Amino acid sequence: MKDTDYLISWDKNNLKVNYTEVLILGSGVAGLFTAIKLSANYDVTILTKKNIMEGNTEHAQGGIAVALSQDDSPESHFEDTIKAGAGLCNLKAVKILAEKGPDCVQELIAMGAQFDRQNDQLDFTREAAHSKKRVLHAKGDATGEEIERALVATTQRCSIKVKEDAYVIDFLKNNNGEIAGVLVLDTPTSKLEAWLAKAVVLATGGLGQLYKYTTNPEVTTGDGIAAAYRAGAELLDMEFVQFHPTALLLPGSPSFLISEAARGEGAKLLNSRRERFMKNIPGQELAPRDVVARAIWEEMKDGPVFLDFGFLGPQAKERFPLIYKTCFQYGIDISTTPIPIGPAAHYLMGGVGINTVGETSLPRLYACGECACNGVHGANRLASNSLLEGLVFASAISEKLQTKNIVLDRWEDINLPEVPLGVSERYSSDSSNIRRELRNIMWKKVGIIRDSEGLLKAQNQLSKLWREFTPRPEIKELELGNMLTLSLIMVKAALSREESRGGHFRRDFPLTDQQWQKHSVQKRGEEHVCYVSI
Ligand code: SIN
């Protein structure tokens, strides 16, 4: 795999160099919460690819799971998370998530996040595989937007520096081999800059855009994960992707998320004959996501599948205003007409390997949120655990960095790569075709149902695309380089795991196998996937 030879031409001597104590990459829930918590002690800068609001957090609908209601407990949240994780959860991480979650959510509320209430009490809804109503929501189905709003407002009050339109190309190391900052493309000026820091926190989110159908916004091309891999970080469990069962599926519409909370409140799935095909499956519409997504996939062979909000009665419009408004734009009134839906790539359970305080395998590099993996989600994330995970492990990083007192660390000399970085003379002919092909291959062969024949074909086709690809110094092409890098990593992990578990389903190995109860690990330069026991 040629995974480094796409960088931009540069002039080392005229490089603008910026300094900050803590550099946060990404402005979703994990990045912002880390920044806010560290800002009292350190000089903190956030770099974000587009604008501060844009990312997966803003698009989250259903909510944030937390054991805060009278009849709930962290123990029960722990049990449900472990069960959904299909034998691959890191128990220590899940315990931290369930136990620290309530305090983190209270902090978020104190920062101004307003969750929906009934008679002045927080209102909890149910989602798949939760044994209780445990999911807080805001403005009905705009939970992510409300959380992001509150965090952005707090960030502004904390005088944290924010640089938007900053595309992170690669990590920089100091002469001791430690992570010392990043090389950034300032997209409005097309100039390169170095940002140096005593600690770098990666919170760049996921990689949904590797798939033709995804609920994720355009920015989610896995750039941070790919850059960490190039720098030598370990990637864990990259075969585990969660496909959300219900995204809007209309010609010309985006794969707009139709929240699982809709099924939690009573919406039903219907096949092309308008029959409830989940009726006889344990858990029915609220069976684990992988089960529901596969059932829909099978039904779609016979025709379109629908989500029927009619079962909710007139409250559909009030409870899910964003879904109502979006579907209405496409000519569907959800209170009277079932919506055509299909599954879509939604969440990466794997990512840059971290421990429970967010340390990666590279010194001075920390990670949290969707780009990171400490096994808290196992092989299948429990619905609405991701916003909570972002808060809890951001908080863990901030505690760790406060204890370390990095102010006293010396600024070491930076080791700028010697053989940079010229974009090759030969540009690829049409990279938008390559992107389209990659997303098709991933959807068809590395998607909801996989087998060795399809995965091998995908590997060959993606390798061929890699050979054809020679990027321009533009953001779209740099993204595509990362997408190609990560798609090959994901295929390798999916081929290697000869069993089915959680989000990874192999038609040729349909059973879960005790022998595979371990995490996959991939590292640049290592030919084979390694495994570590849980
Ligand atoms: C949803 O609202 O269905 C998404 C929630 C999640 O993925 O956690």
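As the structure lists them, so they are numbered: ligands from 1, and atoms in each ligand from 1. Because the structure is a prediction, the values reported are computed rather than measured.
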Discussion item. Taking distance alone, with N or O pairs closer than 3.5 Å, would you say Ser259 contacts ligand 1?
Written reply: yes
Discussion item. For the aromatic rings, using the six-membered ring if either is Trp, is the centroid distance between Trp297 and Phe243 under 6.0 Å?
Written reply: no
Discussion item. Regarding atom 4 (C) of ligand 1: of the candidates Arg289, His59, Gln61, His137, which has the closest heavy atom?
Written reply: Arg289
Discussion item. Checking the N or O distance criterion of under 3.5 Å, is ligand 1 in contact with Gly62?
Written reply: yes
Discussion item. Using a 4.0 Å heavy-atom cut-off, which part of Arg381 comes near ligand 1: side chain, backbone, both, or neither?
Written reply: side chain
Worksheet item: Can you name the closest pair of heavy atoms from Ala228 and Val352 and give their distance?
Response: CB-CG2, 3.8 Å
Practice prompt. Provide the number and element of each atom of ligand 1 under 4.0 Å from a heavy atom of His244.
Written response: 1 (C), 3 (O), 4 (C)
Response to the item:
On a heavy-atom basis, the closest approach of Thr204 and Ile225 is OG1-N, 4.3 Å
Item to complete: Taking only Lys NZ, Arg NE, NH1 and NH2, and the carboxylate oxygens of Asp or Glu, determine whether Arg294 and Glu299 approach each other closer than 4.0 Å.
Response: no
Response to the item:
ligand 1 atoms nearer than 4.0 angstrom to some heavy atom of His346 are 4 (C), 6 (C), 7 (O)
Worksheet, complete the sentence: Under 4.0 Å between heavy atoms, the region of Glu389 that gets near ligand 1 turns out to be neither
Discussion item. Hydrogens and angles aside, do His137 and Asp123 bring a side-chain donor and acceptor to less than 3.5 Å of each other?
Written reply: yes
Fill in: Pair Asn216, Gln209: side-chain N/O donor-acceptor within cut-off below 3.5 Å
no
Item to complete: Heavy-atom contacts with Glu260 under 4.0 Å: which atoms of ligand 1 show up? List them by number with element.
Response: 1 (C), 2 (O), 3 (O)
Discussion item. With nothing but distance in play, are any N or O atoms of Ser384 less than 3.5 Å from an N or O of ligand 1?
Written reply: yes
Fill in: Ring centers of Tyr347, His377 separated by less than 6.0 Å
yes
